[in-house]
Amino acid sequence: MKRMIDININGEPYRVEIEPQRTLLEVLREDLGLTGTKEACGAGNCGSCTVIMDGKPVLSCLVLAVESQGKNILTIEGLAKDGRLHPLQEAFIEHGAIQCGFCTPGMILSAKALLDETPHPTEGKVRSAIAGNICRCTGYAKIVEAIMAEGR
Amino acid sequence: MSGYSVIGRRLPKEDAISKATGEAKYTVDLSFKGMLWGKILRSKYPHAKILNIDTTKAERLPGVKAIITARDVPDIKYGYALRDQTIFAREKVRHLGEPVAAVAAIDEETAREALALIKVEYEELQAIFDPEEAMQPTAPLIHEGITTYETEYPFWKPIRGGNLCSANRVHVGDVEKGFKDSDFVFEDTFKTPMVYQSYLEPHCSVASFDSSGKVTVWASTAAPFYSQNRLSKILKIPMNKIRVIAPHVGGSHGGKSFDLNSPFCVLLSRKTNRPVKILLSREEDFIAGTPRHPCTIELKTGVKKDGRLVARHAKLVYDTGAYADWGPGLTAQGFSFAPGPYKIPNIKVEAFCVYTNNTVAGSFRGWGCPQPTFAYESQMDIIAAKLGMDPLELRLKNLQEKGDLMVIGQEIPSDGLKETLLKATKEADWKGKKKEKQIRRGIGMACMFYSSGYSSSSCFVKLNEDGTIGVSVGATDIGQGSTTALAQILAEELGVSLEDISMVTADTDTTPWDYGTIGSRCVYIVGNAVKTAAVDMKNQLFQMAAGMLEARVEDMEAKGGMVGVKGSPERAIPLVQLAILSRYVMGGPIIGRGSYMENVRPVDTEKVEGFLFNTFPALVYATQVAEVEVDAETGKVKVLNLTAAHDCGYAINPMSVEGQIEGGVSIGLGFALSEEVLLERGRITNPNFMQYKIFSALDMPKIDSLIVEVHEATGPFGAKGIGEPGLLPTAPAVANAIYDALGVRIKTLPITPDKVLKALKEKSGR
């Protein structure tokens, strides 16, 4: 049985009709075409699908879409404003923190959630904040550098 | 200073913005009107006869559009070295997870339901999972036709038979005499596990036929041209009717040498006349993927009291699983490097690539070498400890020098390894830290040598009407940054800025041939093709401009977007002007072309038996130093610092080079301490990122990546590859550091807390 839900995504209101068992990740990617949010494990183990829900990072593969009724969701597509990159995006680009890029959207959003709460984190805090976002390409060195540079 | 303006600079990757904004499209993100979902039915048994496949029930399920089995495909065998594999299992299955049927349906759920309705009758056969047992004459045969399989290398004289897929042997000097002449003989057995590449984008392909009968395949692959070739051969479709495109690729680490799903997508798309997508779940990717070969390495080494190595006998057994895949190639590779980068007058190496009913192993960064590197570098420290020598001193004493020979007869071209050894130990304060003995803390080092480059590549360059440049090159950027590095090479050679270049890559219709992103070959081999194309264009521009400026061609230079006379800045013509003139007045539009072939020579297979390659085009070197802290209560090892000095010839883009080293180290640390694909009678019991532990940001130490530049004469601007070496010395460096900390030697990877505790218990019990 389908249900109608209202979600605010990247500052815009959406009304979508969905089946109750579908995840937020599926709805973002398949119904709304917001494919910047990635799926790499589908089980909450890798962080690739991280989005920000009402200011907190969540794994969208573990969130049922119906749970996001009335919530504010920020995905990677909503981070740049008026054609200008978010400073974290710039830092990731400039520091070489992006290789294959599959972890990047989730990584940047986890970092953003951290910096929104703790604008000047220690390196340990940065590493803890992204501990649930796995990256197989970079060894995290340049990712941590980029986040630290932005949180200085 | 180098005087270069574009190369040697830390520049962001050209695709970084699109990846940071979520705009970059990967194969998993593609969707087409009318697209169907494909799913693959996989064998439930490790070794069984297929008696019957009944698809009638599944065909009746609403939403199912096509079902295919071995009956629907040509009976053609394929393989990288040995043609032993078919798209679907025929007559029997040889491993759990081998494809037996495939379905296309209107959605994923329906496709999954359909799989459950396909009835396959099996008759189980005796299965074998241990390569040593598989080599026994009484072992059940996995490939009855092993001696009849065709090979991909015309000159290859394979050693094979029974469950032996391939083997290599070489004997230099006289090892038995060498052992007799030694003061000490060390015998150790090392074991390394199956490990999984863990690229984040799972294997995914989409295929779509058009009305002319041409199929376009979008695939998460590192080698689109290889894919086009294989699809053409196994499906009997001419290559001009197959276009393979690699969109952004979410990592490969060796595991995407072939796009596993593409044959099924093409077949299902042809049958349904609709686009078909197959995306593996993570669990399925563990099962269907081609992880690193588990390996057992027996190493016997004779040494003089003063530390000189006299003789070494290495025996390597690689478990390739049910099919050869890249096994014979990477066994030969591991075999070549197995004695270590040391002067040893008497060497015998035997390497065996063995079939079992385990999951098929394949290509993973480091190609057969992390296994012997762990062995020979661990044993170096065992020797150093016994002789009471500093491990650094022992290595310096025995290091091969320029002009020395590898066992395959190839000359060591430089003393790059020594440079990395001295640089890494200096930066890591080896001597200082080795002296200050701290409780539960240790420091360890390891060296490695390895190859860079394989095969050939090609490139087109065109001059646009406004003087900007279009480049077409087959290389696939899987995240490592090849597209940017290649653009840097081109810009440098043509004297233009990066902004003036646009790159088209990894599309078999619009770019010229390339082998693929394997073997640390992009910057080195493709870079040479790109540079050659740039020189070709430049020569045409020089001819034109020299005529106009009434100057000699040899006095011309390309710089700052102009072509002019060296030393006379006022006598120069902008590229835009040459572009327009070439189009409307003289000569015709300018196109540069470049092809490059690796510079190698044959290996003497009378001496180096069963070898299937030529010599290696270039060699790369590295030394890493690890500092660890071990909790003796829990056995947990924490890596505190990792210093990695790598010779890359010349760093075209130092930021990307560091990225390759750092990423390599993280995979190396997983190999050392946490990663192992667990198999129980051929079944993977931990096929997920919860139980299969790759390193997180919290686990990673501080990495000090140091670039060593020993000019490579055959490389573009002296550059060679850096893609694979990052992970090679890591595990032995960590194992050696653990020994330094605790005095226990662990010879089986990964070094988990239980192994540390057990070793400590055994040590105190004595």
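Residue numbering restarts at 1 for every chain, and letters A, B, ... go by the order of the sequence lines. Computed from a predicted model, the values in this text were never measured in an experiment.
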Original post:
Considering residues, nucleotides and ligands other than B:I17, do more than 12 of their heavy atoms fall under 6.0 Å from its CD1?
Top reply: no

**OP:** For A:K71, look at atom NZ and say whether over 12 heavy atoms of other residues, nucleotides or ligands are found less than 6.0 Å away.
**Re:** yes

Subject >> chain B contact via A:I108 - side chain, backbone, both or neither, heavy atoms under 4.5 Å >> reply: side chain

Original post:
Where the side chain of B:K19 meets the backbone of A:T104, is there a donor-acceptor pair that is under 3.5 Å apart?
Top reply: no

**OP:** Considering only heavy atoms and a distance below 4.5 Å, find which of B:S705, B:G250, B:G670 pairs most often with chain A.
**Re:** B:G250

Subject >> Residue pair B:G251 / A:C100: nearest heavy atoms and the distance that separates them >> reply: N-CB, 3.3 Å

Original post:
Are the side chains of B:M700 and A:R127 in touch, meaning some heavy atoms are under 4.5 Å apart?
Top reply: yes

Original post:
Relative to chain B, which of A:A129, A:S128, A:S48 shows the most heavy atom pairs under 4.5 Å?
Top reply: A:S128

Original post:
Quick one: CD1 on A:I134 to NZ on B:K693, what's the gap to the nearest 0.5 Å?
Top reply: 9.5 Å

Original post:
Measuring heavy-atom distances to chain B, does A:C46 have an atom under 4.5 Å in its side chain, in its backbone, in both, or in neither?
Top reply: side chain

Original post:
Relative to chain B, which segment of A:H95 carries a heavy atom at a distance below 4.5 Å: side chain, backbone, both, or neither?
Top reply: backbone

Original post:
So which part of B:S281 gets closer than 4.5 Å to some heavy atom of chain A, the side chain, the backbone, both or neither?
Top reply: neither

Subject >> Interface residue of largest heavy-atom contact number with chain A, from B:V249, B:I703, B:I667, under 4.5 Å >> reply: B:I667

Original post:
Which atoms of A:E39 come close to chain B, meaning under 4.5 Å heavy atom to heavy atom: side chain ones, backbone ones, both, or neither?
Top reply: backbone

**OP:** May I have all residue pairs that pass side chain to side chain donor-acceptor pair (under 3.5 Å) and include part of residues 54-66 of chain A, sequence neighbours excluded?
**Re:** A:K56-A:E117

Subject >> Separation of A:C103 SG from B:E201 CD (nearest 0.5 Å) >> reply: 13.0 Å

Original post:
For B:Y199, does its backbone N or O pair with a side-chain atom of A:R136 as donor and acceptor, under 3.5 Å?
Top reply: no

Original post:
Is the CZ atom of B:R112 crowded by more than 12 outside heavy atoms at less than 6.0 Å?
Top reply: yes

Original post:
Who among B:S198, B:G659, B:G726, B:A24 has the most heavy-atom pairs with chain A under 4.5 Å?
Top reply: B:S198

Original post:
What residues of residues 476-485 of chain B sit under 4.5 Å from chain A when only non-hydrogen atoms are counted?
Top reply: B:I478, B:G479, B:Q480

Subject >> B:N688 and A:C41, any side-chain heavy atoms less than 4.5 Å apart >> reply: no

Subject >> Close contacts, residues 25-32 of chain B versus chain A, judged by heavy atoms under 4.5 Å >> reply: B:K25, B:Y26, B:V28, B:D29

Original post:
Looking at A:I76, A:V126, A:V144, which one has more heavy-atom pairs under 4.5 Å with chain B than the rest?
Top reply: A:I76

Subject >> Which atoms of B:E23 approach chain A - backbone, side chain, both or neither, heavy atom under 4.5 Å >> reply: neither

Original post:
Relative to chain A, which of B:Q197, B:H248, B:E283, B:K702 shows the most heavy atom pairs under 4.5 Å?
Top reply: B:Q197

Subject >> Engaged part of A:A43 at the chain B interface, taking heavy atoms whose separation is under 4.5 Å >> reply: neither

Original post:
If only atom types and distance count, is the side chain of A:Y140 paired as donor or acceptor with the main-chain N or O of B:F695 below 3.5 Å?
Top reply: yes

Original post:
Who among A:T138, A:T37, A:T75, A:I130 has the most heavy-atom pairs with chain B under 4.5 Å?
Top reply: A:T138

Original post:
Between CZ of B:R10 and CD of A:E94, what distance do you get to the nearest 0.5 Å?
Top reply: 11.0 Å

Original post:
Quick check: does any side chain N or O of A:Q89 sit under 3.5 Å from a backbone N or O of B:A20, one acting as donor and the other as acceptor?
Top reply: yes

Subject >> Which atom of A:A40 lies closest to which atom of B:L200, heavy atoms considered >> reply: CB-O, 3.1 Å

Subject >> Residues in salt bridge (Lys or Arg N to Asp or Glu O under 4.0 Å) contact with B:D107, at least two apart in sequence or another chain >> reply: none

